[in-house]
Each structure stands twice: as structure tokens, then as C-alpha cells.
Chemist: 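I have a structure here, written as C-alpha cells, and I will follow up with some questions on it.
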2 protein chains.
Amino acid sequence: MARGSRTDLAVLGALSIAPMTGYAVRAGIQDVLGHFWSESYGQIYPTLARLEADGCVERRAGERPRSSVYALTDSGGVRLRELLAAPDEPTPPRNGLLLRLFFGHVLGAEEVARLVSVQRDRAVAQLAELAVARAEIDPSEEHGPFALLTVSAGEHSARAAIAWADEALAVLVEIVADGDRLTTRHRPASADAP
Amino acid sequence: MARGSRTDLAVLGALSIAPMTGYAVRAGIQDVLGHFWSESYGQIYPTLARLEADGCVERRAGERPRSSVYALTDSGGVRLRELLAAPDEPTPPRNGLLLRLFFGHVLGAEEVARLVSVQRDRAVAQLAELAVARAEIDPSEEHGPFALLTVSAGEHSARAAIAWADEALAVLVEIVADGDRLTTRHRPASADAP
DNA sequence: GGGCACATGTAAGCTGTTACATGATTAA
DNA sequence: TTAATCATGTAACAGCTTACATGTGCCC
């Protein structure tokens, strides 16, 4: 799947739930898909215009002045299924924390531990947000089970991040301790003034 | 940290290991950081030129004609530590598999299961690659322990992906079974011709 | 001599964000 | 009345990939 069609997929998917304005598409993506997807207005409005030109969506006057409601057409439905069936080609990896960690000896273990703690806190916070999201899903709705699976993916990922962070922090504490042992080895064993 | 400095961080980090050519920087990032970072030539060469103009790296003639070896300067070292200490600001989430999963009722549970299987296979393959990477690290080297932590992060993440995929596949099988039950309910219990 | 690894660079293009400009409607 | 929300769009810019152009050195 061409990378460019990912916004198409998100927008067509949103319109498959119900016809709505561009503004509502954005709000829906932020609120409902927020933990694994994002789109900005700068993407959404041009995308809607292009999809309309391609006959994938139909534009109708909205209730308010200057507002338009977009609805999925038949060929838009076909296009949506095409995009859904296409395998997800992974983007090149770019993990800023691991990049910093790899060059950790330059920065020092203590500073690295601080960065890892920040990441751990974020994962804990995400777990709490996911619990809220989970509670808001109605499992009897048609896409309820699918929504629950996306929440579950986030939870697995967050728990793994926490477990790793704990492991990493333990290792980093040891590295700090070793450093202390090395620098204090030649000093008297009794406590000096701080 | 401005997003734009992430390539700077990767390049300066590479040069903190040893002075090398742009080509070697790219190869090093691909081979050593490959499981969590990537850079293309289109980023590396302009970045090196800019870092040289800023006085962060020094360019010297390499052994081959037309080749240059870049080395970290003192101010480059300072810049590297600055970038390393800056917290990693997370990029907006974009998970193509979860996007597809969320709209799974449009595609059907069986097709979704196929997509999840592909993801599971990828995670299994990654785990194998990480085992190789782990074996190649010398833990007595100064950055050995840090490199091991990056491998460990990959392993945690891959194992979580596999566990989630197994859970998801089990749920999807049930959804398929429910669908079959509903569609066969009104047919005779005895086997019809296929 | 042919192919591969080494080596440098640029141009075009795509994806995406941010900030801005503009204005109507509604709830406090 | 005034602030928040609803609503549409664009322009500028940032980041990144791909493909191309170009050439050297080394090994089979």
C-alpha cells in the first residue's frame, strides 16, 4: 500500500461509521482512534476534496451555513475495502529513546535512567487512559470487539514498556553503583564529610 | 527537542564511536541501530555538511580519493550531550494494523485474522534477529550494557506483539464461528452438498 | 573485464504539521 | 456579551525517501 493512502483509509473508515463534516472526522479520529492514529486538518480537508473528485465520497450541505457533510459512496466503500485488505507496510523504525540509550555511555547512566523513568511514567499514564477507553466501548455493537482488540494491543504494548523500563532501571542502577565503586575505591572506607 | 535534530543526534552519536565517512555512518546506523533507527543518504550528507558549517564535525581527507572522514569536534561533543539529554518527544501515533483492525467489521474477521497473522510472523522473525544481535554484543565494552538494553526493549516489544496477536486471533476465530452459526442456523442440520 | 562494495552528492516528490485567516452558533 | 465550540480552508515549512548521476578500488 502506498504510504499516501493511509489518510484516505482513516477518512473513509470514519465516514463508514456515519456521514459527517471534516471537522467531525478530525474530532472522531482524535477521540476514538487517538491512541493509535492521528490526522491534522491540513491532511483531512485536501483529502476529502480529492476523494470527492474521485467519486469516493459525496458532499452535501450541512445543517449550519458553510458546512458540508460527506458521505461514503459505493465506490468509496469498494476503495475502503481495498485499502483495508492491503497489508500494512511498516514504516522505518525511529525510536528516540533507544537512540539515546544506545549512546548512553556519553550521557551517563544516571541521566539515561531519568529518560527511562519519563518513558515509564508515560506508559503508566497510557495504561490508565486505555482503561477509560475500554470502559467506554459497548461490546455488543458490531465493531465493539474490534475496538476492544485495539485497546488490548495498547495495553500489551504499555505493559511491555513498563516491564522493560523496570529491567532497564535496575541495570542502570548497577552501572551507577559500579561507577561509584570505581571512583571511591582509593578513598578511605570510613565516611567522609559530604 | 525539535524534531529536526534527530538526524543530528544519530550522526553525532555514530561519530562519537569513531571518525568515519558518510557512507560508513549510514552503514553503521543500518547494521548496528537497524532495529530501532534508520537514516537515508538524502539525510546524512546534507546533515554532515551542516554540522561541519556549525563546527560540530571536522572533515578530513579519507584514504580513498573523493572520500572524506568526519570526526566529532569538542563543540560537537557538547551538542551531542545536549541532544542526548533532551527528552524524547513522542511522534503522533500511526499504527496501520490497528487502524485496519478498528474497521474490521467492514473487512470481515477472517481477513483481519490474516493481517494479524502477518504481524505475528514479523514479530517472531524480529525476535530471531534480536537473538543474533544480542549474541554479537560484547558486554564488557563500555557501551555493551546500553546496547543490550536496546535489544531487550525490542524483545519485550516483540513478545508483547506475539502475545497480543495470539489473543486477537482467538477472539477473531470466535467471531468467525459466531458468524457461521448465524448463517447456518436456518439450514438443515444434516450436511448439504458443498 | 565484470561485478560488487565503497563513496558522494542532488533533485524531485510525498507526507505531514503548524499557524494563520475567517466566520457562524451556542451556552454561560 | 463573551468565550467556547463548530466549521473550512490554505500557505509555509519540515522531514524524509527514492532515484538518479557519477566515479574508484578490489577481487574473481
Side-chain angles (χ1 to χ4, degrees), chain A residues 1-11 14-15 18-31 33-34 36-53 57 59-70 83 88-96 99, chain B residues 1-11 14-15 19-31 33-34 37-53 57 59-70 83 88-96 99:
Chain A
M1 165 183 193
R3 292 266 306 291
S5 347
R6 310 201 311 162
T7 295
D8 290 24
L9 176 47
V11 169
L15 296 181
M20 62 185 94
T21 65
Y23 183 89
V25 168
R26 209 270 173 140
I29 288 173
Q30 198 158 62
D31 296 349
L33 315 182
F36 61 83
W37 202 261
S38 72
E39 294 289 349
S40 59
Y41 290 128
Q43 290 277 98
I44 285 172
Y45 285 110
T47 295
L48 282 170
R50 187 167 39 72
L51 289 173
E52 191 197 6
V57 302
R59 179 184 197 152
R60 291 191 281 250
E63 295 186 354
R64 285 156 167 264
R66 296 174 68 255
S67 83
S68 312
V69 170
Y70 292 87
L83 292 174
D88 171 45
E89 33 191 87
T91 47
R94 268 168 162 243
N95 184 320
L99 184 59
Chain B
M1 163 183 194
R3 291 268 307 292
S5 351
R6 310 199 318 160
T7 295
D8 290 24
L9 175 48
V11 169
L15 296 181
M20 62 184 91
T21 66
Y23 182 88
V25 168
R26 208 269 172 142
I29 289 174
Q30 197 157 63
D31 296 349
L33 315 182
W37 202 260
S38 72
E39 293 290 347
S40 60
Y41 290 130
Q43 290 278 95
I44 286 172
Y45 284 112
T47 295
L48 283 169
R50 186 167 38 74
L51 289 173
E52 193 198 2
V57 302
R59 180 184 196 152
R60 291 191 282 250
E63 294 189 352
R64 286 160 165 258
R66 297 174 69 254
S67 84
S68 312
V69 171
Y70 292 87
L83 293 173
D88 172 46
E89 33 190 88
T91 47
R94 265 166 163 246
N95 184 322
L99 184 59

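The figures that follow rest on heavy atoms only: side chains count, while hydrogens, waters and symmetry mates do not. First the proteins, then the strands, lettered A, B, ... as listed; each starts at 1.
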Chemist: Which is true for B:G22 with a 4.0 Å heavy-atom rule: it touches a base, it touches only sugar-phosphate, or it touches nothing?
Modeler: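 Since only primed, P, OP1 and OP2 atoms lie under 4.0 Å of B:G22, the category is sugar-phosphate.
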
Chemist: List for me each residue that meets side chain to side chain donor-acceptor pair (under 3.5 Å) alongside B:Q43, sequence neighbours excluded, and say none if there are none.
Modeler: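 For B:Q43 the side chain to side chain donor-acceptor pair (under 3.5 Å) partners, ignoring immediate neighbours, are B:T7.
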
Chemist: Closer than 4.0 Å, any side-chain N/O of B:Y41 to the OP1 or OP2 of C:dG9?
Modeler: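 No, no such contact exists.
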
Chemist: Taking CD from A:E63 and C1' from C:dT26, how many angstroms apart are they, rounded to a whole number?
Modeler: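 It is 14 Å, rounded to the nearest whole Å.
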
Chemist: Can you name the closest pair of heavy atoms from A:G22 and A:L48 and give their distance?
Modeler: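 So the two residues come closest at CA-CD1, 3.6 Å.
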
Chemist: Which part of the nucleic acid does A:R26 contact within heavy-atom distance under 4.0 Å: base, sugar-phosphate only, or nothing?
Modeler: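 If one applies the 4.0 Å heavy-atom cut-off, A:R26 turns out to touch nothing in the nucleic acid.
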
Chemist: Which is it for B:R6 and B:T91 under the side chain to side chain contact (heavy atoms under 4.5 Å, CB included) test, yes or no, and what are the steps along the way?
Modeler: CA-CA 12 Å; B:R6 310 199 318 160; B:T91 47; 4.1 Å; yes

Chemist: Starting at the 5' end of DNA chain C, write a dot or bracket for each base, bracketing those in Watson-Crick or G-U wobble pairs whose two distances are under 3.5 Å and using | for partners on another strand.
Modeler: ||||||||||||||||||||||||||||

Chemist: Between atom CD in A:E52 and atom P in D:dT8, what is the gap in whole Å?
Modeler: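 Spelled out: CD on A:E52 to P on D:dT8 is 12 Å.
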
Chemist: Grab the CD1-P distance between A:I44 and D:dT10 for me, whole Å please.
Modeler: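 Answer to the nearest Å: 14 Å.
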
Chemist: About how many Å separate OG of A:S38 and CD of A:Q30, when rounded to the nearest 0.5 Å?
Modeler: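 Here the rounded value is 8.5 Å.
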
Chemist: Rounded off to whole Å, could you give me the CE-to-P distance for the B:M20 and C:dA7 pair?
Modeler: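 Checked: the CE to P distance equals 11 Å.
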
Chemist: Are A:N95 and A:L99 packed together at the side-chain level, in the sense that at least one heavy-atom pair is separated by less than 4.5 angstrom?
Modeler: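 A side-chain contact under 4.5 Å is absent here.
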
Chemist: Ignoring the backbone of A:Q43, work out which of C:dG9, D:dC16, C:dT17 is nearest its side chain.
Modeler: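 The listed nucleotide nearest to A:Q43's side chain is C:dT17.
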
Chemist: If you measure from OG on A:S67 to CE on A:M20, what distance do you get to the nearest 0.5 Å?
Modeler: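 A:S67 OG to A:M20 CE: 13.5 Å, rounded to 0.5 Å.
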
Chemist: Return the value, rounded to whole Å, for the distance between atom OH of B:Y23 and atom P of C:dT10.
Modeler: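 Atom-to-atom, B:Y23 to C:dT10, this comes out as 19 Å.
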
Chemist: Just checking A:S38: base, sugar-phosphate only, or nothing, at a heavy-atom cut-off of under 4.0 Å?
Modeler: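 Counting heavy atoms under 4.0 Å across all strands, the contact made by A:S38 is with sugar-phosphate only.
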
Chemist: Check for a donor-acceptor pair, side chain of A:S5 on one end and backbone N or O of A:D8 on the other, with a separation under 3.5 Å.
Modeler: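 Checking the backbone N and O of A:D8 against the side chain of A:S5, no donor-acceptor pair under 3.5 Å is found.
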
Chemist: Distances for protein N/O vs nucleotides 21-25 of chain C N/O pairs under 3.5 angstrom?
Modeler:
| from | atom 1 | to | atom 2 | distance (Å) |
| --- | --- | --- | --- | --- |
| C:dT25 | O4' | A:R64 | NH1 | 3.3 |

Chemist: How many angstroms lie between atom CD1 of A:I44 and atom OG1 of A:T21, to the nearest 0.5 angstrom?
Modeler: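 The CD1 atom of A:I44 sits 9.5 Å away from the OG1 atom of A:T21.
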
Chemist: I want to verify a distance call: between D:dG9, C:dT15, D:dT18, whose nearest atom is closest to the B:S40 side chain?
Modeler: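 Minimum distance to the B:S40 side chain belongs to D:dT18.
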
Chemist: Between A:E89 (CD) and D:dT17 (P), how many Å, whole number?
Modeler: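 After rounding, the reported distance stands at 14 Å.
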
Chemist: If you take all heavy atoms of B:L15 and B:V25, which pair is closest and at what distance?
Modeler: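 Closest heavy-atom pair between B:L15 and B:V25: CD2-CG2, 3.9 Å.
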
Chemist: Just verifying a value: how many Å separate B:Y41 OH and B:R26 CZ, rounded to the nearest 0.5 Å?
Modeler: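 It is 5.0 Å, given to the nearest 0.5 Å.
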
Chemist: May I ask you to say what B:S67 touches in the nucleic acid, namely base, sugar-phosphate or nothing, with a heavy-atom cut-off under 4.0 Å?
Modeler: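 Sugar-phosphate, backbone atoms only, no base.
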
Chemist: Just how far, in rounded Å, is P of D:dT5 from CG of A:D31?
Modeler: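 Result: 12 Å.
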
Chemist: Rounded off to whole Å, could you give me the CZ-to-P distance for the B:R50 and C:dG9 pair?
Modeler: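 These atoms are roughly 15 Å apart.
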
